[in-house]
There are 2 protein chains.
Amino acid sequence: MSSGTRGYHHGDLRRALLAAAVDGIGEAGPATLSLRDLARRAGVSHAAPAHHFGDKAGLLTAVAAEGFDLLAEALRAADGGLLELGVAYVGFAVEHRAHFDVMFRPDLHRPEDPDLRAARERSGAALRAGVASLPDRRPTADDPDGDALAAWSIVHGFATLWLAGVLPQEIGDDPRAAARVVIHRLFRQA
Amino acid sequence: MSSGTRGYHHGDLRRALLAAAVDGIGEAGPATLSLRDLARRAGVSHAAPAHHFGDKAGLLTAVAAEGFDLLAEALRAADGGLLELGVAYVGFAVEHRAHFDVMFRPDLHRPEDPDLRAARERSGAALRAGVASLPDRRPTADDPDGDALAAWSIVHGFATLWLAGVLPQEIGDDPRAAARVVIHRLFRQA
DNA sequence: ACCCTAACTTGCCATTGACAAGATGCCGAG
DNA sequence: CTCGGCATCTTGTCAATGGCAAGTTAGGGT
């Protein structure tokens with residue numbers, strides 16, 4: 001079964017639905033996402049999605065898990081110290097807005113889902129690994145993960161504010177460049 | 001200011017609906033909020049909310065505007081420099097989670113609504129005022145609002161991550177204390 | 001060849017958001 | 001004091017949605 005959507009069996013419905021969900025969320029946000037609309041886009045009946053994901057929360061849980069894996073990959077690919085790690089985080093949020101919009105909303109999915117937990121842990125590990133590899137890291141024995149938490153907070157906050165559209169226009173239209181300036185303030189003491 | 005809210009049959013439906021909405025969002029998030037359920041809680045017919053808010057987005061726009069005003073008030077009441085300003089931001093997010101959950105989600109409301117814009121600008125001004133009043137502010141002439149942006153990002157990110165429930169348990173259960181530690185890293189170079 | 005189970009379907013129901021048209025009651029004009 | 005105006009609220013309705021139940025199909029393992 002290649003990608004042909006013909007026949008009683010779709011062949012790769014799960015993947016097709018996930019892709020359609022990402023498209024739909026990107027177009028109008030997660031709030032207005034409709035399982036029936038996804039089914040229409042995939043050319044299947046309105047109840048087909050339930051078989052693969054159970055319900056809407058199940059679908060969004062899968063989207064979130066996929067997002068955390070994509071994020072882990074983006075963080076691992078980042079090269080250039082903490083600064084570029086943070087830039088990669090912001091870049092991921094902007095380029096994969098649909099995933100990002102779901103990943104941190106426990107009311108939209110099932111935060112305790114095992115697959116989601118594992119994927120979330122993978123991206124958390126990638127973040128901590130990037131922070132730990134910093135050569136000029138400050139010795140703060142009392143709170144070893146404080147650096148990671150502060151870095152995570154500032155890049156997550158900047159990404160969220162950027163996506164929310166509440167930042168002043170003067171900041172420009174390049175999220176990575178803007179993020180670089182902001183992140184720089186976190187450790188300009190070095 | 002938006003409109004005289006003296007009531008006839010109910011007394012003050014608009015305010016009652018807003019309060020019910022905040023309760024409902026606090027219980028199950030904004031996604032599952034139902035205008036009909038709010039109407040039931042307020043003891044009015046299912047179509048009554050539409051008269052005051054137009055539609056669901058209108059209701060959430062009002063909630064967001066109320067949130068930005070509460071935030072501005074909380075920021076103005078904060079005393080103790082940038083650190084406590086940030087702590088107040090996080091405290092607001094945790095204590096007014098329902099408002100906070102709506103304020104930065106443009107897909108849930110009408111970001112261009114005049115009342116919302118005004119309220120948002122008031123809280124933005126309160127934030128900038130707090131940052132500007134810092135005695136030990138660094139002279140960074142090239143980007144005068146960079147400090148405010150970095151501070152906003154780190155506290156907003158921390159608050160969002162806290163509410164999303166993705167922070168490790170070791171962080172404890174006191175968001176203000178945890179925020180204080182994180183924010184401290186932003187300007188420990190002093 | 002056969003079954004048997006996952007994959008997908010049709011059918012159904014309660015709930016919801018939105019709209020239209022009617023009822024209610026406070027207010028001010030005269 | 002009366003009466004019309006009008007914001008407030010109600011009833012009625014419709015299409016769309018999520019989720020459940022029961023039936024149908026096909027493809028792989030034995």
Side-chain angles (χ1 to χ4, degrees), chain A residues 1-21 23-25 27-64 102 105 107-110 113 115, chain B residues 1-21 23-25 27-64 102 105 107-110 113 115:
Chain A
M1 288 297 100
S2 45
S3 53
T5 61
R6 299 206 150 280
Y8 206 96
H9 283 42
H10 180 279
D12 205 354
L13 221 206
R14 186 187 163 90
R15 186 175 299 270
L17 287 173
L18 274 177
D23 284 350
I25 296 170
E27 289 166 14
T32 61
L33 190 70
S34 152
L35 290 181
R36 286 170 116 98
D37 182 53
L38 298 186
R40 279 189 291 267
R41 295 195 197 202
V44 294
S45 80
H46 65 88
H51 185 71
H52 287 277
F53 301 102
D55 57 2
K56 199 173 183 173
L59 198 236
L60 293 180
T61 299
V63 171
V102 173
R105 295 194 188 169
D107 58 318
L108 291 183
H109 55 240
R110 277 190 279 271
D113 177 86
D115 289 346
Chain B
M1 300 294 265
S2 32
S3 74
T5 54
R6 47 178 171 279
Y8 290 85
H9 301 162
H10 179 277
D12 201 348
L13 220 208
R14 186 187 164 92
R15 189 172 295 272
L17 287 173
L18 274 179
D23 283 351
I25 295 170
E27 290 167 12
T32 61
L33 191 70
S34 153
L35 290 181
R36 289 171 115 98
D37 183 54
L38 298 186
R40 279 189 291 267
R41 294 194 198 203
V44 294
S45 81
H46 65 87
H51 188 265
H52 289 275
F53 301 102
D55 57 3
K56 198 172 185 176
L59 198 236
L60 293 179
T61 299
V63 170
V102 173
R105 295 192 188 170
D107 59 318
L108 291 182
H109 56 242
R110 278 190 276 272
D113 177 87
D115 289 346

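Each chain gets a letter, A, B and so on, in the order its sequence line appears, and its residues count up from 1.
- The listed nucleotides are D:dT11, D:dG19, C:dT16; the one nearest the side chain of A:Lys56 is D:dG19.
- To the nearest angstrom, C1' of C:dT16 lies 12 Å from CG of B:Leu38.
- Minimum heavy-atom separation, B:Leu33 to B:Lys56: O-NZ, 2.7 Å.
- Whole-Å rounding puts the A:Arg40 CZ to D:dA16 P distance at 8 Å.
- Heavy atoms of B:Ala47 sit under 4.0 angstrom from at least one base atom.
- Atoms NE2 (B:His46) and C1' (C:dT16) sit 11 Å apart, rounded to a whole Å.
- The CZ-C1' distance, from A:Arg15 to C:dA7, rounds to 17 Å in whole Å.
- Comparing B:Ala48 and A:Asp55 against DNA chain D, the residue whose closest nucleotide sits nearer the 5' end is B:Ala48.
- Where A:Arg36 and A:His51 each meet DNA chain C at their nearest nucleotide, the meeting point lying more 5' is that of A:His51.
- Between B:His52 and D:dC9 there is a side-chain N or O to OP1 or OP2 distance below 4.0 Å.
- Here the P atom of nucleotide D:dG19 and the CG atom of A:Asp37 are 15 Å apart, to the nearest Å.
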Practice item. Show the numbers, then the answer: is there a side-chain contact (heavy atoms from CB on, under 4.5 Å) between B:Leu38 and B:Leu59? Key: CA-CA 11 Å; B:Leu38 298 186; B:Leu59 198 236; 3.5 Å; yes
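- As a whole-Å value, the separation of B:Leu17 CG from C:dG17 P is 13 Å.
- Side chains of A:Leu18 and A:Arg15 form no contact here, defined as non-hydrogen atoms less than 4.5 Å apart.
- Rounded to an integer number of Å, the gap from CZ of B:Phe53 to P of D:dT8 is 11 Å.
- Using a 4.0 Å heavy-atom criterion, one finds that B:Leu33 contacts the sugar-phosphate atoms exclusively.
- The two residues A:Arg110 and A:Ala57 make their nearest non-hydrogen contact at NH1-CB, 3.8 Å.
- The CG atom of B:Leu60 sits 10 Å away from the P atom of C:dG17 (whole-angstrom rounding).
- Among the heavy atoms of the strands lying under 4.0 Å from A:Ser34 are primed sugar atoms or P, OP1, OP2 only; no base atom is included.
- A pairwise comparison of heavy atoms in A:Val44 and A:Ala48 identifies CG2-CB, 3.7 Å as the closest pair.
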